[in-house]
Peer 1: 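What follows is a single structure, and I will ask about it in a moment.
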Amino acid sequence: MSEKVPKTSQDLTVVVQTLLQQMQDKFQTMSDQIIGRIDEMSMRIDDLEKNISDLMTQAGVEELEEDIKFTKTSGTA
């Protein structure tokens, strides 16, 4: 450690304030990165849901599910 040792209470205050500011900056950077990753994950999930929905529509699965629900609620089998 090449930093000088604080000799007065003012020196100590400056050191502590600098340290707290550095910690706050690092925390803000990490928070921004986490929020960015959450936003990216949210967009990917939305895209995945859309793709699954499109595939289900192409496969006719939605129509089949509606027919099954109708059959169960109408009592005819």
Side-chain angles (χ1 to χ4, degrees):
M1 246 173 140
S2 62
E3 296 180 21
K4 65 178 187 175
V5 178
K7 299 197 189 276
T8 66
S9 62
Q10 285 181 326
D11 290 343
L12 182 59
T13 301
V14 170
V15 169
V16 170
Q17 286 177 340
T18 303
L19 180 61
L20 289 173
Q21 185 62 47
Q22 290 172 349
M23 290 174 61
Q24 183 176 356
D25 293 344
K26 287 181 182 181
F27 180 78
Q28 187 63 48
T29 300
M30 290 175 60
S31 295
D32 292 343
Q33 289 174 346
I34 290 169
I35 290 171
R37 288 178 181 170
I38 289 172
D39 289 342
E40 183 180 335
M41 189 183 313
S42 175
M43 288 187 294
R44 287 181 176 184
I45 290 171
D46 290 343
D47 288 344
L48 182 59
E49 287 176 339
K50 183 185 177 307
N51 289 336
I52 290 171
S53 177
D54 290 346
L55 287 171
M56 289 176 67
T57 300
Q58 290 173 6
V61 173
E62 289 177 347
E63 295 170 8
L64 181 62
E65 288 178 346
E66 289 175 10
D67 290 344
I68 292 170
K69 289 178 184 176
F70 178 75
T71 303
K72 286 182 179 180
T73 57
S74 67
T76 57

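Residue numbers start at 1 and run along the sequence shown. Hydrogens, waters and symmetry mates are skipped; everything else that's a heavy atom, side chains included, is used.
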Peer 1: Check salt bridge (Lys or Arg N to Asp or Glu O under 4.0 Å) between Lys7 and all other residues, then give those that pass, not counting sequence neighbours.
Peer 2: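 Salt bridge (Lys or Arg N to Asp or Glu O under 4.0 Å) check on Lys7 returns nothing, list empty.
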Peer 1: Any chance the side chains of Asp25 and Gln21 put a donor and an acceptor closer than 3.5 Å?
Peer 2: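 Gln21 and Asp25 do have a side-chain donor-acceptor pair below 3.5 Å.
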Peer 1: Can you get from Leu12 to Leu20 by hopping between Ile, Leu, Val, Met, Phe, Trp and Tyr side chains that sit under 4.5 Å apart?
Peer 2: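 Same cluster.
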Peer 1: Which of these passes side chain to side chain contact (heavy atoms under 4.5 Å, CB included) with Thr18: Val15, Val16, Val14?
Peer 2: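 Of Val15, Val16, Val14, side chain to side chain contact (heavy atoms under 4.5 Å, CB included) with Thr18 is met by Val14 alone.
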Peer 1: Enter the distance from Ile34:CD1 to Thr29:OG1 here, rounded to the nearest 0.5 Å.
Peer 2: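 If we round to the nearest 0.5 Å, Ile34:CD1 and Thr29:OG1 are 11.0 Å apart.
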Peer 1: Keeping the roles fixed (side chain from Ser31, backbone from Phe27), state whether a donor-acceptor pair exists under 3.5 Å.
Peer 2: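 Yes, because the side chain of Ser31 sits within donor-acceptor range (under 3.5 Å) of the backbone of Phe27.
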Peer 1: Is the closest side-chain heavy-atom distance between Asp11 and Thr8 below 4.5 Å?
Peer 2: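 In short, these two side chains touch, coming nearer than 4.5 Å.
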Peer 1: Is the backbone N or O of Ser9 less than 3.5 Å from a side-chain atom of Thr13, with the two atoms forming a donor-acceptor pair by type?
Peer 2: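 Between the backbone of Ser9 and the side chain of Thr13 there is a qualifying donor-acceptor contact (under 3.5 Å).
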Peer 1: Group every Ile, Leu, Val, Met, Phe, Trp and Tyr by side-chain heavy-atom contacts under 4.5 Å, then state whether Met30 and Ile38 land in the same group.
Peer 2: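 Not linked; separate clusters.
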Peer 1: Please determine whether a side-chain nitrogen of the Lys or Arg among Lys50 and Asp46 lies less than 4.0 Å from a carboxylate oxygen of the Asp or Glu.
Peer 2: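 The answer is no: the pair does not qualify as a salt bridge.
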Peer 1: With sequence neighbours left out, write down each residue that passes salt bridge (Lys or Arg N to Asp or Glu O under 4.0 Å) with Arg37, or none if nothing qualifies.
Peer 2: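 If we apply the salt bridge (Lys or Arg N to Asp or Glu O under 4.0 Å) test to Arg37, skipping adjacent residues, there are no hits.
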Peer 1: Please report the interatomic distance CD(Gln33) to CD1(Ile35), rounded to the nearest 0.5 Å.
Peer 2: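 Going from the CD atom of Gln33 to the CD1 atom of Ile35 covers 11.0 Å.
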